[in-house]
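Just follow the structure's listing: the first ligand is 1, and inside any ligand the first atom is 1. What you see is a predicted model, and the numbers here were worked out from it, not measured in a lab. The first residue of the sequence shown is numbered 1, and numbering continues consecutively from there.
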Amino acid sequence: MSHTSSTLHVPDVAAVPRHIAIIMDGNGRWATQRKLPRVAGHTKGIEAVRAVVKACARRGVEYLTLFAFSSENWRRPSDEVSFLMRLFVSALERETARLHKNGIRLRVVGDLSMFDARIQALVRRGEAQTAGNTRMTLTIAANYGGRWDILQAARQLVAQTMADGHPAPVDESSFAQHLAMAFAPEPDLLIRTGGEQRVSNFLLWQLAYTELYFTDTFWPDFDDAALDAALASYRARERRFGRTGA
Ligand code: IPE
Ligand code: IPE
Ligand code: MG
């Protein structure tokens, strides 16, 4: 039952969330505040990624999902977009071995067809190399959008129905099986850094009952203490999933 909707199945309340999703925002403002070019914030942000992966694995988090590039981020100036692509390539090249050594499984979700062949090959290689790891699953959402995810799941369901020749019942769990993150339980905790209090087209379906945590800290400054503050806030929540507190 662990992969079914939390709206149907109430997960055990644990001290540590099984699944943390993070909208890593504020890189540009971090840099601007220091009179640096925006992209310097993205480079610094990679260090924060490395640290949070390590910290979450140590704390026993099973799934960590990071929003790295949204389907709307193509609207940025082309030099910033190409810088982010180069950063993605170098992170995949440099970090995959370290993830593997630490027993971490790498997954990438999003419409990868928009990325160049080199990135697609690195993603496939990283996912294959780490496929047997069970300590924690790190999912990078790249060219991901919550609406894209819901639509691609709907398209898969329609295609399956056409192939089967008869309409299949569509319910929450049959639908959710086609979502890009069907391999994971829904996030228990969503963290957004950088001060904005919005979801920006991240995991729309899966966030139905997720606890939301917003912090003004810019992503490059998000350290172990900032993570622990988010975890402390999570522990103090009462998750009711539509029921009463009793
Ligand atoms: C988040 O930081 C990183 C990406 C969206 C790739 P931003 O680049 O959005 O930083 P701000 O929000 O402009 O400060
Ligand atoms: C959300 O940040 C996307 C990622 C962190 C990858 P944005 O900076 O793109 O979000 P908006 O534009 O402020 O909503
Ligand atoms: Mg932003």
Just checking, Arg107 and Phe183: is the charged tip under 6.0 Å from the six-membered ring centre and within 45° of the axis? yes
Can you confirm whether Arg135 is buried at CZ, in the sense that more than 12 heavy atoms of other residues, nucleotides or ligands lie under 6.0 Å from that atom? yes
Distance from Lys44 atom NZ to Arg34 atom CZ, nearest 0.5 Å? 8.5 Å
Please name the pair of heavy atoms, one in Asn27 and one in Gly45, separated by the smallest distance, quoted to 0.1 Å. OD1-CA, 4.4 Å
At what distance is the nearest protein heavy atom to atom 13 (O) of ligand 1, and which residue and atom is it? Arg38 NH1, 2.9 Å
Under 4.0 Å from atom 11 (P) of ligand 2, do we find at least one protein heavy atom? yes
His100 and Glu95, any side-chain heavy atoms less than 4.5 Å apart: no
For atom 14 (O) of ligand 2, the closest protein heavy atom turns out to be Ser200 OG, 2.6 Å
Should Arg192 be listed as contacting ligand 2, given a heavy-atom distance under 4.0 Å as the test? yes
With backbone taken as N, CA, C and O and side chain as the heavy atoms from C-beta onward, which portion of Ser70 lies under 4.0 Å from ligand 1: side chain, backbone, both, or neither? neither
Of the side chain and backbone of Arg29, name the one, both, or neither that has a heavy atom under 4.0 Å from an atom of ligand 2. neither
What's the shortest heavy-atom distance between Leu138 and Leu66, and which atoms? CD1-CD1, 3.8 Å
Run the numbers for me: atoms of ligand 1, each under 4.0 Å from some heavy atom of His42, listed by number. 3 (C), 8 (O)
Taking 4.0 Å as the limit for heavy-atom contacts, which would you say applies to Phe202 with ligand 2: side chain only, backbone only, both, or neither? neither
Within a distance under 4.0 Å of any heavy atom of Phe69, pick out the atoms of ligand 2 and give their elements. 6 (C)
List every atom of ligand 2 that sits less than 4.0 Å from any heavy atom of Ile23, numbering the atoms from 1 in the order shown and giving each element. 1 (C), 5 (C)
Give me the ring orientation class for Trp205 and Phe175: parallel if the planes are under 30° apart, tilted from 30 to 60°, perpendicular past 60°. tilted
In the hydrophobic cluster built from side-chain contacts under 4.5 Å, what are the other members alongside Leu87? Val39, Ile46, Phe83
Which protein N, O or S atoms does the Mg ion (ligand 3) have within a distance shorter than 2.8 Å? Asp25 OD1
In ligand 2, the atoms that come under 4.0 Å of a heavy atom of Phe67 are 3 (C), 4 (C), 5 (C), 6 (C)
Residue, atom name and distance, where the atom is the protein heavy atom closest to atom 2 (O) of ligand 1: Asn27 N, 3.2 Å
Side chain, backbone, both or neither: the part of Thr32 lying under 4.0 Å from ligand 1 by heavy atom: neither
Which pair of non-hydrogen atoms, one from Tyr209 and one from Arg239, has the smallest distance, and what is that distance? O-NH2, 3.1 Å
For the student: nearest non-hydrogen atoms of Arg240 and Gly245, plus distance: CD-N, 3.6 Å
Between Leu92 and Leu106, which heavy-atom pair has the shortest distance, and what is it? CD2-CD2, 4.1 Å
Closer than 4.0 angstrom: is that true for some heavy atom of Ala68 and an atom of ligand 1? yes
Could you tell me whether Glu62 and Arg105 make a salt bridge, using a distance below 4.0 angstrom between a side-chain N and a carboxylate O? no
Could you check atom 1 (C) of ligand 1 against the protein and tell me its nearest heavy-atom contact, residue, atom and distance included? Met24 O, 3.0 Å
Among the heavy atoms of Gly194, does any lie under 4.0 Å from an atom of ligand 1? no
Sole candidate of Phe88, Trp74, Phe202 that passes ring pair (Phe, Tyr, Trp, His ring centres under 6.0 Å) when paired with Phe69: Trp74
Let me know which of Arg98, Arg125, Arg118 forms a salt bridge (charged side-chain N to carboxylate O under 4.0 Å, His left out) with Glu93. Arg118
May I ask you to list the atoms of ligand 2 that are less than 4.0 angstrom from any heavy atom of Arg198? 11 (P), 13 (O), 14 (O)
Taking the inter-plane angle between the rings of Trp148 and Tyr144 on a 0 to 90° scale, is it parallel (under 30°), tilted (30 to 60°) or perpendicular (over 60°)? perpendicular
Given that the side chain starts at C-beta and the backbone is N, CA, C, O, which of these parts of Arg76 lies under 4.0 Å from ligand 1, counting heavy atoms, or is it both or neither? side chain
Give the intermediate values and the outcome of side chain to side chain contact (heavy atoms under 4.5 Å, CB included) for residues Gln152 and Asp111. CA-CA 10 Å; Gln152 66 81 29; Asp111 183 3; over 6 Å; no
Provide, to 0.1 Å, the distance between atom 9 (O) of ligand 2 and the closest protein heavy atom, together with that atom's residue and name. Asn73 ND2, 2.9 Å
Within the structure, does Glu196 bring an N/O atom to less than 3.5 angstrom of an N/O atom in ligand 2? no
